[in-house]
Protein chains: 2
Amino acid sequence: MIDSYKTVGENTYEMIKKDIIFGNLKPLKKLKLNELKNNYKTSISTLREILSRLSGDGFVVYEEQKGFYVSPVSESDLKEIANLRILIESHALKYSLENSNPDWEGSLLAAHHKLNLYENKLLKNKTEERSNWKRYDSEFHQTLVRNCNSNNLIELHKLIFDKYLRYQLLVLTFRGSGSIEEHKKLLDYCLERNFKKAQMVLEEHIQNGIIHANKSF
Amino acid sequence: MIDSYKTVGENTYEMIKKDIIFGNLKPLKKLKLNELKNNYKTSISTLREILSRLSGDGFVVYEEQKGFYVSPVSESDLKEIANLRILIESHALKYSLENSNPDWEGSLLAAHHKLNLYENKLLKNKTEERSNWKRYDSEFHQTLVRNCNSNNLIELHKLIFDKYLRYQLLVLTFRGSGSIEEHKKLLDYCLERNFKKAQMVLEEHIQNGIIHANKSF
DNA sequence: TTATTAAAAATATCATATATTTTGGAAATT
DNA sequence: AATTTCCAAAATATATGATATTTTTAATAA
């Protein structure tokens, strides 16, 4: 995937965010301007802009006169994020289902198909596909909420989802067939427009997800 | 209230945010760096940091190569924000009540007392107290959620609440005794730890709030 | 009116300079 | 040995000026 942004700032923003989510920049790591300047080859002013944005997103913490560092992780934070994700994603899903239409159903089906492809690869222990799997997992869940007809809700979900994603990449592992079945059920209940059941599966899905957290905080 | 921040950036951030929320910087207004530089007496680099942060918060929109402008307002956005506020604030309130304790009950009582003072002033048409009233209204609602034991939830609520506040100051007016009664009921049900009823009042309170939006979008 | 285009304005980025604050460790004190 | 004091080095905060690009404006041509 080639850079789709023009500006240095936008590209570097994506790079740093990715490095935080993927754990290349470890939690609590001090983000020294001069160091980043060398590593990302951008000016300090541009970097400060980027870190300011990231602190708004919650991936970076800023302290006056002390500077920036990567947001910490903790088990309690993970639980908070998971609960928030259940709240937001369920809520959005409800509206997506109310607004359900053939277009959306089609895109959901498509998203699930692609996700399932990578799930099967991972079942066969092709762990090098992990990053692709996460990508399609994200896309599937984004699609779930996309039809809710509230941009604020979609934006919010993306934010929370990214935070959850960070934990997944840091401390969670592929759960195997359990997760696969949940995705399938989720799809089916959505196509049936059965919110109650879909919601239950979704909640279970997210809750099951964090049980697999290894205790390496 | 004297500036409690040291840095120019922090102070100017608060100023610009306030100017957006209070409508001194109108929706869709282009935020030209040079103009801001003159008005707020800060350098362009500092301003870009600030605007980057505000775009993360959703008060400013950023477009590559085009720069920054004040986020637009619309009736549909207001409705989205209100719904989101109901969702988040109710959810947080539920946990606040579950964790209820004398300390929190005391602070809630105190917050309501102060709010009520200003509500009564406004009833007597002392409209110059409007900004104080909003301040104590904010504090009361912040107190409602403060006991939920989830920092993520508290942060999120603050963000949404500020967006709602902006609409209140731009297009909404004081509803009078209806709002006052709702606050009182809310307090009472909270002290009784009756989530169901408290939640109903809260939802009603927020819904009633946006009915008063005049159509000047 | 619409399209074209050149000039002006504004953004994006970087480098550099200065003042201030924080940090890390040496030296002094308890 | 532990704590405090104090200074130099590192890092942050802010401002300014320079340059390349991009967008906007407005004048001109079709």
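Numbers restart at 1 for each chain; the letters A, B, ... are given by sequence-line order, proteins then strands.
Between B/His205 and B/His183, the gap from one ring centroid to the other is short of 6.0 Å.
Residue A/Lys134 places its NZ atom among more than 12 non-hydrogen atoms of other residues, nucleotides or ligands, all under 6.0 Å distant.
With B/Phe161 as the aromatic partner, B/Lys158 does not meet the cation-pi criteria of under 6.0 angstrom to the ring centre and within 45 degrees of the ring axis.
Pairs engaging residues 33-66 of chain B under the ring-ring contact (aromatic ring centres under 6.0 Å, His included) rule: B/Tyr62-B/Phe68 [sequence neighbours left out]. Under the salt bridge (charged side-chain N to carboxylate O under 4.0 Å, His left out) criterion, the residue pairs touching residues 49-58 of chain A are A/Glu10-A/Arg53, A/Glu49-B/Arg48, with sequence neighbours excluded. For residues 88-102 of chain B, the salt bridge (charged side-chain N to carboxylate O under 4.0 Å, His left out) pairs, not counting sequence neighbours, are B/Arg85-B/Glu89.
Salt-bridge check for A/Glu182 with A/Arg175: passed, with a basic side-chain N closer than 4.0 Å to an acidic carboxylate O. Salt bridge B/Lys17/B/Asp162: present, at least one basic N to carboxylate O contact under 4.0 Å.
Between the side chains of B/Glu119 and B/Asn116, a donor-acceptor pair is found at a separation under 3.5 Å.
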Check: What string of B, S and - do you get for nucleotides 11-17 of chain C, 5' to 3', when a contact is any protein heavy atom under 4.0 Å?
Finding: SSSB---
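Using a 4.0 Å cutoff to heavy atoms of chain B, the contacted part of DNA chain D runs 5' to 3' from D/dA13 to D/dT24.
A/Glu203 places no side-chain N or O within donor-acceptor distance of the main-chain N or O of A/Ile86, the cut-off being under 3.5 Å.
For the helix from C/dT1-D/dA30 to C/dT30-D/dA1, the angle separating the two terminal helix axes comes to 30°, with each axis derived from five pairs and the value rounded to 10°.
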